[in-house]
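Scope of the values below: all heavy atoms of this structure, side chains included, with no hydrogens, waters or symmetry mates.
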Amino acid sequence: MKRMNKTHFTLIELLVVMALGIMLIAIGLPAFNQMITGGTVTNAANTLKGGLEQAQSQAITQRRYVALLLDYKGTNNGGTPAIRTCYVTPTGSDNSFSFFNYTPASRWISLGKGAIITGASFNSVNAPATNSEVKTNIYTVSSTGNAEEGFPHRAIVFNAYGALAAPAEVTYISLAEGVMSGNNVVYTNVDPDNPSRPANEMKLKINPFTGKINIELGGDGE
């Protein structure tokens, strides 16, 4: 007489499998979250790099000043940092430009939730301590006659030859994992050895003469 094969599990066996599954999820979830948020900063850096390259290309093609607006507060994107290209004209003051019009088909492009712009400056930039204000020392674009869409904005400005506008300095933009609290950055992933600093920081370095953009990991600007 043939024996019946066992085709079912006991309640204890099911409970053991469920417990093991829960343990594996608990162990793997932090690493998975870290991978997702880390990827968010990388994606934001690539989006920003693409926006800068587009602004430079438009400046050369149209033979005029083109700015990439950096809405680091997320005023026009529900609190999430965003970028947008526009035509600008010099005001005669250093690093200062007036908004003329948005470039054709221009729109606010989100850098993605979870990534923030922590600083933008000539020559060097370092992410500020958490709960400190974003560091910006670059071009300013003001809108004459109104303050719509968060003007004035900080921006990167290219001239008609595709180089950075005067003063034509090496320019850095830094990104990290976090959220904006007013004008301040709050890091959601901090360095365990220095809790005031971000654990995952990336920088874009812009050559002032060629407009070439390099993406770098953390560290001091040059």
Side-chain angles (χ1 to χ4, degrees), residues 44-73 75-76 81-103 106 108-109 111 116-128 132-145 147 149-176 183-185 201-222:
N46 288 327
T47 298
L48 185 52
K49 183 175 185 287
L52 289 165
E53 291 172 340
Q54 181 184 33
Q56 182 190 33
S57 176
Q58 290 172 327
I60 295 170
T61 301
Q62 300 298 320
R63 307 298 292 176
R64 58 194 300 184
Y65 288 98
V66 173
L68 183 72
L69 304 177
L70 306 180
D71 182 10
Y72 60 88
K73 298 178 185 179
T75 303
N76 303 287
I83 56 177
R84 189 173 186 178
T85 54
C86 68
Y87 297 123
V88 295
T89 56
T91 64
S93 299
D94 290 345
N95 312 335
S96 179
F97 292 81
S98 291
F99 172 81
F100 182 81
N101 202 359
Y102 289 117
T103 59
S106 173
W108 288 106
I109 299 174
L111 295 185
I116 54 174
I117 295 174
T118 61
S121 184
F122 299 126
N123 296 318
S124 67
V125 65
N126 290 311
S132 297
E133 193 169 346
V134 172
K135 297 180 178 180
T136 56
N137 179 31
I138 50 173
Y139 309 97
T140 300
V141 175
S142 300
S143 179
T144 56
E149 297 198 326
F151 282 100
H153 278 298
R154 293 294 188 175
I156 303 296
V157 181
F158 294 93
N159 65 24
Y161 302 100
L164 291 181
E169 302 281 355
V170 175
T171 304
Y172 289 87
I173 305 173
S174 62
L175 302 160
N183 294 330
N184 294 350
V185 300
E201 181 188 2
M202 301 189 78
K203 294 182 180 181
L204 278 72
K205 177 182 178 181
I206 309 169
N207 184 294
F209 306 112
T210 65
K212 183 178 178 181
I213 303 127
N214 291 324
I215 298 178
E216 306 175 345
L217 291 176
D220 293 340
E222 298 175 358

CD-CG distance between E169 and L164, expressed to the nearest 0.5 angstrom: 9.5 Å
Nearest heavy-atom neighbours spanning N137 and S121: CB-OG, 3.6 Å
N207 (side chain) donor-acceptor with K212 (main chain) under 3.5 angstrom: no
CD1-CG distance between I213 and N46, expressed to the nearest 0.5 angstrom: 11.5 Å
Rounded distance [0.5 Å steps], CD1 in I206 versus CG in L68: 8.5 Å
Atom pair OG1/CG of T140 and L69 - distance to nearest 0.5 Å: 11.0 Å
Ring geometry between W108 and Y102 (parallel below 30°, tilted from 30 to 60°, perpendicular above 60°): perpendicular
Side-chain heavy-atom pair H153, L70 within 4.5 angstrom cut-off: no
Exercise: identify the closest heavy-atom pair between V185 and P128: CG2-CG, 3.8 Å
pair I156-I138: side-chain heavy atoms closer than 4.5 Å: yes
Donor-acceptor side-chain pairing of S174 and T118 below 3.5 angstrom: yes
Show every donor-acceptor pair shorter than 3.5 Å between a side-chain atom in residues 55-62 and any protein atom, with sequence neighbours excluded, or say none if there are none.
| residue | atom | partner | partner atom | Å |
| --- | --- | --- | --- | --- |
| Q56 | NE2 | G162 | O | 2.8 |
| Q56 | NE2 | T210 | O | 2.8 |
| T61 | OG1 | S57 | O | 2.9 |

Minimum-distance pair of heavy atoms, taken over all atoms of I83 and G51: CD1-CA, 4.1 Å
NZ on K205 to OG1 on T171, rounded to 0.5 Å: 11.0 Å
Pair T103-Y87, side-chain contact (heavy atoms from CB on, under 4.5 Å): steps then yes or no: CA-CA 6 Å; T103 59; Y87 297 123; 3.9 Å; yes
Within 45° cone of Y161 ring axis and under 6.0 Å: R63 NZ or CZ: yes
Nearest heavy atoms of P208 and A163, plus distance in Å: O-CB, 3.4 Å
Test side-chain hydrogen bond (donor to acceptor under 3.5 Å, both in side chains) applied to T91 and S98, S96, S142, the passing residue: S96
Close side-chain approach of E201 to L217, heavy-atom, < 4.5 Å: no
Atom pair CD1/CG of I117 and L175 - distance to nearest 0.5 Å: 6.0 Å
Minimum-distance pair of heavy atoms, taken over all atoms of G211 and F158: CA-CE2, 4.2 Å
Mutual orientation of the aromatic rings belonging to Y139 and F122 [parallel < 30°, tilted 30-60°, perpendicular > 60°]: perpendicular
Taking every non-hydrogen atom, the tightest pair across S143 and F151: CB-CG, 3.4 Å
Set of salt bridge (charged side-chain N to carboxylate O under 4.0 Å, His left out) partners for E53, sequence neighbours left out: K49
